[in-house]
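Note sheet for the following structure.
The figures here come from the full heavy-atom set of this structure, side chains too, leaving out hydrogens, waters and symmetry mates. Since the structure is predicted, the reported quantities are computational estimates derived from the model, not experimental observations. Quick note on labels: first sequence line is chain A, next is B, and so on, each numbered from 1.
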Amino acid sequence: MEGPRPLIRDEIIRLVERALEAAQAAGDLPQFAGQEVTVEHPARAEHGDFSANLPLRIQGLARMKAIEVAEALRKHVPAHEAVERVAVAPPGFLNFYLAPAWAAAQASSIVAAGEDYASSDLGTGKRVQIEYVSANPTGPIHVGNGRGAAIGSSLALVMEAAGYEVEQEYYINDAGTQVAIFGRTLYARYQQLFGREVSIPENGYPGEYVVDIARTLKERDGDRYLRPEGEEGSPDLGKAGLDLMLEGIRDDLAAMHVEYTQWYSERSLMSEGGPYSEVMSLLEKQGYVARREGAVWFTSTEVGESKDNVLIRSDGQPTYYATDIAYHYDKFVTRGFDRVIDIWGADHQGHVSRVKAAVAAVGGDPDALDVLLYQLVTLKRGDQVVPLSKRAGEIVTLRDIVDEVGPDATRFFFLLTGANQTMDFDLELAKTQSDENPVYYVQYAHARISSILAKAEEESLSSEGADTSLLTHDAEQALLRKLLLLPEVVEKVVLDLAPHHLPHYAQELATAFHSFYTQCRVIQPQEPALTRARLHLLEATRVVLARTLGLMGISAPTSM
RNA sequence: GCGCUCGUAGCUCAGGGGAUAGAGCGUUGCCCUGCGGAGGCAAAGGUCGCAGGUUCGAAUCCUGCCGAGCGCGCCA
């Protein structure tokens with residue numbers, strides 16, 4: 001299979017690089033050390049499609065005015081089929097204008113690429129693991145987890161498009177203190193259903209959902225978990241409860257169209273000779289372990305941390321940190337991922353450097369670990385802030401939102417805001433104005449195109465043999481330029497780990513299409529050649545819209 | 001107190017060294033004799049938190065200050 005074509009942006013960069021070499025060889029510019037060339041999309045269309053600021057950056061090195069540098073470069077820019085003209089603009093920009101016929105011809109390449117359009121080989125041959133959500137199975141998935149789900153799931157789709165082999169994983173915290181507390185809470189609720197006067201433990205989980213789980217287990221398994229009064233409950237009850245919780249979590253995430261390739265159990269780390277014991281002896285061997293105050297510590301200050309951290313508490317239980325080290329050891333060393341991306345809520349920020357330090361200590365590469373933190377979501381009903389705490393009585397779950405506004409709008413909304421920006425999720429707005437959610441604007445564009453293409457087919461019109469050079473209208477050209485942008489967006493999402501660029505691009509693309517639609521009639525029986533060309537443009541637009549929506553995990557409806 | 005993140009239009013947010021700072025929503029005013037009006041066009045709305053600094057050029061980088069969120073457990 002042929003690899004993806006180079007981005008037009010990169011070809012422009014190469015033209016500038018070659019112009020610099022040629023200008024220096026010709027003596028129009030003095031010799032100096034190589035400069036990295038970058039180009040950008042000017043804000044104003046009159047400044048062209050791409051702009052290079054190289055003259056401004058090297059004016060000092062060249063000991064010339066930037067405008068003169070630009071002029072010297074312009075003379076040496078090699079000809080390129082995609083470039084109609086190159087202009088110098090004050091104070092020293094080199095502006096590139098794409099040839100309309102070339103831009104139009106790209107419609108054919110896009111249609112030919114189909115759902116592979118904007119794929120790249122950026123990550124080819126690299127295995128990346130993306131771990132996200134990983135919420136404790138002691139309560140239902142809440143709104144904040146939904147944000148992590150949207151980001152992780154979409155990032156996975158985009159990285160796959162960029163050639164990575166992607167593993168999407170949910171780490172199940174099925175061991176440890178919180179799970180034990182959940183088990184005791186559940187047993188209390190279970191006993192209550194049998195008429196016993198017991199109350200849930202202090203620090204227990206007061207939520208109604210625990211009662212629901214208890215009731216389900218009672219109905220399914222009867223009294224088999226019941227022990228004599230005063231005794232502790234059966235561990236089987238806790239296990240059964242967790243399984244039910246997990247089932248619910250899977251369902252909730254699946255409702256948002258989040259699908260994992262792997263569910264990884266924390267408990268499985270603890271097996272004889274498993275990752276946990278391996279890591280503990282590894283740390284011990286390397287002298288990073290100290291015993292004091294009845295606990296076992298990782299002397300992380302030795303590797304630059306601000307303080308040491310407990311691995312095994314004085315009650316003999318491993319901390320979350322210890323098992324997390326084992327988990328990351330398993331990711332890096334045992335499973336050998338080239339890159340690991342952890343997506344956490346910003347409240348885990350303090351954990352980042354600790355984990356990186358530990359990764360380094362057990363033989364992983366901390367630079368291959370990216371921790372993507374997303375700021376917390378403030379849930380609102382109008383002006384009223386709704387508490388998100390899993391321990392509060394009334395909680396709004398992710399499922400509530402998905403059921404209300406649908407998976408597409410939920411994902412789009414979560415993706416819209418950059419991860420390190422706090423965001424408000426106004427339920428009132430999401431519910432009452434769901435028709436005005438921008439996702440519909442984008443999906444509508446796709447449905448509209450599908451409708452026109454269907455109508456064309458009915459009338460036996462097709463894009464067969466389209467002459468794209470007829471696509472010269474401003475609106476056609478503007479749309480074509482948007483289509484050409486997706487590969488750059490995909491690259492940016494991958495390099496910055498920032499999927500929020502997708503919904504913004506999707507809106508721009510939809511706008512360009514709707515504008516084209518109102519200005520350019522597609523089906524015109526008296527203009528068969530133009531009709532063919534515009535149908536072809538529609539086909540290309542549909543490909544790009546569907547692809548963009550697909551990368552967000554959002555459906556591309558043919559009718560709405 | 002220390003650390004991380006953030007402060008851009010009335011609201012929600014993009015932009016994160018480049019030319020006259022953008023979008024959606026809201027507001028105001030236009031546009032259907034034709035392919036889906038869930039649409040299009042236009043207007044109004046900004047000392048980019050404040051003050052210094054670096055630079056040919058700063059909303060963007062650096063420093064300080066102000067304000068907000070989160071973290072600084074033998075919780076996860």
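One side chain, Thr301(A) or Asp308(A), offers a donor N or O that lies under 3.5 Å from an acceptor on the other. With hydrogens and angles left out, the side-chain atoms of Thr138(A) and Gln178(A) include no donor and acceptor closer than 3.5 Å.
Comparing C50(B) with A9(B), their P atoms sit 11 Å apart, to the nearest whole Å.
Mapping Thr417(A) and Leu94(A) onto RNA chain B by nearest heavy atom places Thr417(A) closer to the 5' end of the strand. If Ser559(A) and Ala510(A) are placed on RNA chain B by their nearest nucleotide, the residue sitting closer to the 5' end is Ser559(A).
More than 12 non-hydrogen atoms from other residues, nucleotides or ligands lie less than 6.0 angstrom from CD of Glu302(A). Within 6.0 Å of CD in Glu46(A) there are more than 12 heavy atoms belonging to other residues, nucleotides or ligands.
An OP1 or OP2 oxygen of A76(B) is reached within less than 4.0 angstrom by a side-chain nitrogen or oxygen of Thr177(A). Between Asn420(A) and C6(B), a side-chain N or O to OP1/OP2 separation shorter than 4.0 Å is present. Phosphate proximity of C4(B) to His348(A): absent, as no side-chain N or O sits under 4.0 Å from OP1 or OP2. For the pair Gln421(A) and A14(B), the criterion of a side-chain N or O lying under 4.0 Å from OP1 or OP2 is met. The side chain of Tyr517(A) contributes an N or O atom lying less than 4.0 Å from OP1 or OP2 of G37(B). Note on Arg354(A): every side-chain N or O is 4.0 Å or more away from OP1 and OP2 of G73(B).
Stacking between His47(A) and the base of A19(B) is present: ring centres sit under 5.5 Å apart and the planes differ by under 30 degrees.
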